[in-house]
2 protein chains.
Amino acid sequence: MSTRLSTPKDYAQLIDKYETWMFDCDGVLWQGDKLIDGAVQVLSLLRDRKKKVLFVTNNATKSRRSYKTKFDQLGVEAHVDEIYGSAYATAVYISSVMKLPKHQKIYVIGMEGLEEELRDEGVAYIGGTDPADKTLESFSLENFTLDPDVTAVVCGLDTAINYTKLSKAFQYLTRNPDCQFIVTNEDSTYPSAHGLLPGAGAVSAPLRYALGKDPISIGKPAKTMLDCIKAKVHFDPARTVMVGDRLNTDILFGQAGGVSTLLVLTGITSESQVTGPDASSIIPDYVAASIGDFRSAEM
Amino acid sequence: MSTRLSTPKDYAQLIDKYETWMFDCDGVLWQGDKLIDGAVQVLSLLRDRKKKVLFVTNNATKSRRSYKTKFDQLGVEAHVDEIYGSAYATAVYISSVMKLPKHQKIYVIGMEGLEEELRDEGVAYIGGTDPADKTLESFSLENFTLDPDVTAVVCGLDTAINYTKLSKAFQYLTRNPDCQFIVTNEDSTYPSAHGLLPGAGAVSAPLRYALGKDPISIGKPAKTMLDCIKAKVHFDPARTVMVGDRLNTDILFGQAGGVSTLLVLTGITSESQVTGPDASSIIPDYVAASIGDFRSAEM
């Protein structure tokens, strides 16, 4: 059973207990472009107490640099090397784990943030925001030439998803049996400022369905994301807590990585999913209404 | 085990045995815009022998009328009342089975053929080929107003699929818990003239994934398509054969409907999928290399 935090003492004890705090962002620190009340103060409090703060997000539409800009605009202190996005983790996976040879490239379904991370890691790619693929005209294989250097397809959230991109990716994945199928993350939905929209998992679903095969997934809850963090930062799992709003990504990710988990109720998950007859089988160590409630620890 | 047809006597006996012949089209009578060699002659032979000929296709991008035009262009005799497409069956399902009240409407992801069948059945709809939805710009819920009269979402193959359409459909299906989720068919791929492309099942996969729920499916192998045919044509299942190229749609459809099944190898299914160690568990009654081989029955 989860421990429900409610008193100033609860919050203060948790802050004492953990030295590394990993935060999901959407639904935890902000909703769309709106800061969660008190989030800035709580992050400052943690920094004042010399805690290590990391931001671990599945949103692959942004690079770490564009994430940093978002933090700045919202007035939240953050440093690029504290930010772990699934776009960055995907680029690191391709360059360091797959070790993609220099002459090979990937076909991208995704947005500028993903392209930026790939470029930074020296991964060659085609597709992405290429205007040639930004079309709603019918796609015909008659005019399509397969690039023989493409040995992986990477798919992330892409709000310009279309039949041409899906068809090209499908050709690479079916005509070259060794072509890897990688997704930045599998979130079914995306919490926009004004409500839920289809997420990265929904954008890659046509390829999964047409291929009848599951992709390699990089973001939370996959271990790949944790491996990426471990390669850059030292932390003690016994003194680390993962704070998130989604049971099947954030909390599962923390549990798989052997760190403690704290669910906040300012995002996807509602109270009824953690208590009562319809509760999920994924049980966080702690539950708090909002990250902002940790302000009371200061008093 | 399937009976493999090969001699003129085999073909002649089959023609004698069945009085109603249901044909899939793509991969059976033609590939893209190219007729299967001998298909026209075999259809004429069946008509000369007073057989009932029906065309049963999952392709929902065409209405029966536009299908008739395709038959005409390829020089194949066909009548509109012999053609059963999943677009037509979907429209009939909504008007006759769901009995959608006149003031209600559906949100469509699909192409002109589907819209035409809906109009013919008196089903009101929004979306579809509406230029307002033909966009690759970001979609924001801020400017979106839910139409309270939409009580179903219908999704078919749509080569202009985009994030705006998926997001709108997702809103209808999540904000109105009674909103029905209907797909014209679930084919994972579509056999275009120059090779396989993602099919209708792939186009609806983002909604399935984001909703975590399966739709009502109309086309083969679903019984809904057969119910639609039965409502219009009398046939004796014991003397009917379904001819198709796809095991998990055509052959399964025939078996579920209690009619005999004949697989031809001019489309999706290869020899190795019906014989040998990797054979499918879906076993047709008969297998022939091509519908064109039935010409030899005439000699």
Side-chain angles (χ1 to χ4, degrees), chain A residues 32-33 61 109 111 129 131 133-146 155 157-171 173-175 183 186-213 248, chain B residues 32-33 61 109 111 129 131 133-146 155 157-171 173-175 183 186-213 248:
Chain A
D33 289 320
T61 65
I109 296 180
M111 303 178 76
T129 59
D133 285 359
K134 195 171 180 176
T135 172
L136 286 173
E137 294 310 305
S138 285
F139 174 79
S140 169
L141 287 170
E142 201 171 1
N143 312 312
F144 174 70
T145 313
L146 202 79
C155 183
L157 182 57
D158 185 347
T159 59
I161 185 67
N162 61 46
Y163 196 72
T164 291
K165 294 182 184 187
L166 293 170
S167 296
K168 287 188 177 181
F170 183 69
Q171 302 311 309
L173 290 164
T174 49
R175 296 206 214 170
V183 298
E186 298 185 282
D187 293 47
S188 58
T189 54
Y190 164 76
S192 81
H194 302 276
L196 287 184
L197 293 173
V203 168
S204 60
L207 294 174
R208 274 179 115 110
Y209 191 91
L211 296 164
K213 125 177 173 184
N248 66 358
Chain B
D33 288 321
T61 65
I109 296 180
M111 303 178 75
T129 60
D133 285 359
K134 195 171 182 176
T135 173
L136 286 173
E137 294 311 305
S138 287
F139 174 79
S140 169
L141 286 170
E142 200 170 2
N143 313 310
F144 174 72
T145 314
L146 201 79
C155 183
L157 182 57
D158 185 347
T159 59
I161 184 68
N162 60 47
Y163 197 72
T164 291
K165 293 183 184 187
L166 292 170
S167 297
K168 287 188 178 181
F170 183 69
Q171 301 313 308
L173 290 163
T174 49
R175 296 206 213 168
V183 298
E186 298 186 281
D187 294 47
S188 58
T189 55
Y190 164 75
S192 81
H194 303 276
L196 287 184
L197 293 173
V203 168
S204 60
L207 294 174
R208 275 178 114 112
Y209 192 91
L211 296 164
K213 123 176 176 185
N248 66 358

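Please read these numbers as outputs of a predicted model, since none were measured by experiment. Chain naming here is simple, since letters A, B, ... match the order of the sequence lines and numbering starts at 1 in each.
- Contacts of B:Gln171 with chain A are made by side-chain atoms alone, with heavy-atom separations under 4.5 Å and no backbone atom involved.
- Once rounded to the nearest 0.5 Å, the distance linking OG of B:Ser188 with CZ of A:Phe170 reads 7.0 Å.
- How far CZ of A:Arg208 is from CZ of B:Arg208: 13.0 Å, rounded to the nearest 0.5 Å.
- Both the backbone and the side chain of B:Leu196 have a heavy atom closer than 4.5 Å to some heavy atom of chain A.
- Judged by distance alone, the side chain of B:Tyr209 and the main-chain N or O of A:Asp187 form no donor-acceptor pair under 3.5 Å.
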Which donor-acceptor pairs under 3.5 Å do side chains of residues 157-165 of chain B form with protein atoms, sequence neighbours excluded?
from     : atom 1 : to       : atom 2 : distance (Å)
B:Asp158 : OD1    : B:Ala160 : N      : 2.8
B:Asp158 : OD2    : B:Gly110 : N      : 3.2
B:Asp158 : OD2    : B:Lys165 : NZ     : 2.7
B:Asn162 : OD1    : B:Thr164 : N      : 3.0
B:Asn162 : OD1    : B:Lys165 : N      : 2.8
B:Asn162 : ND2    : B:Asp133 : O      : 2.8
B:Asn162 : ND2    : B:Thr135 : O      : 3.3
B:Asn162 : ND2    : B:Ala160 : O      : 3.4
B:Tyr163 : OH     : A:Pro198 : O      : 2.5
B:Lys165 : NZ     : B:Gly128 : O      : 3.4
B:Lys165 : NZ     : B:Ala160 : O      : 3.4

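- Across B:Leu141 and A:Ser192, no two heavy atoms sit closer than the pair CD1-OG, 4.0 Å.
- In this structure, B:Pro206 and A:Val203 have side chains that are not in contact, with every pair of non-hydrogen atoms separated by 4.5 Å or more.
- Both the backbone and the side chain of B:Ser167 come within contact range of chain A, with heavy atoms under 4.5 Å apart.
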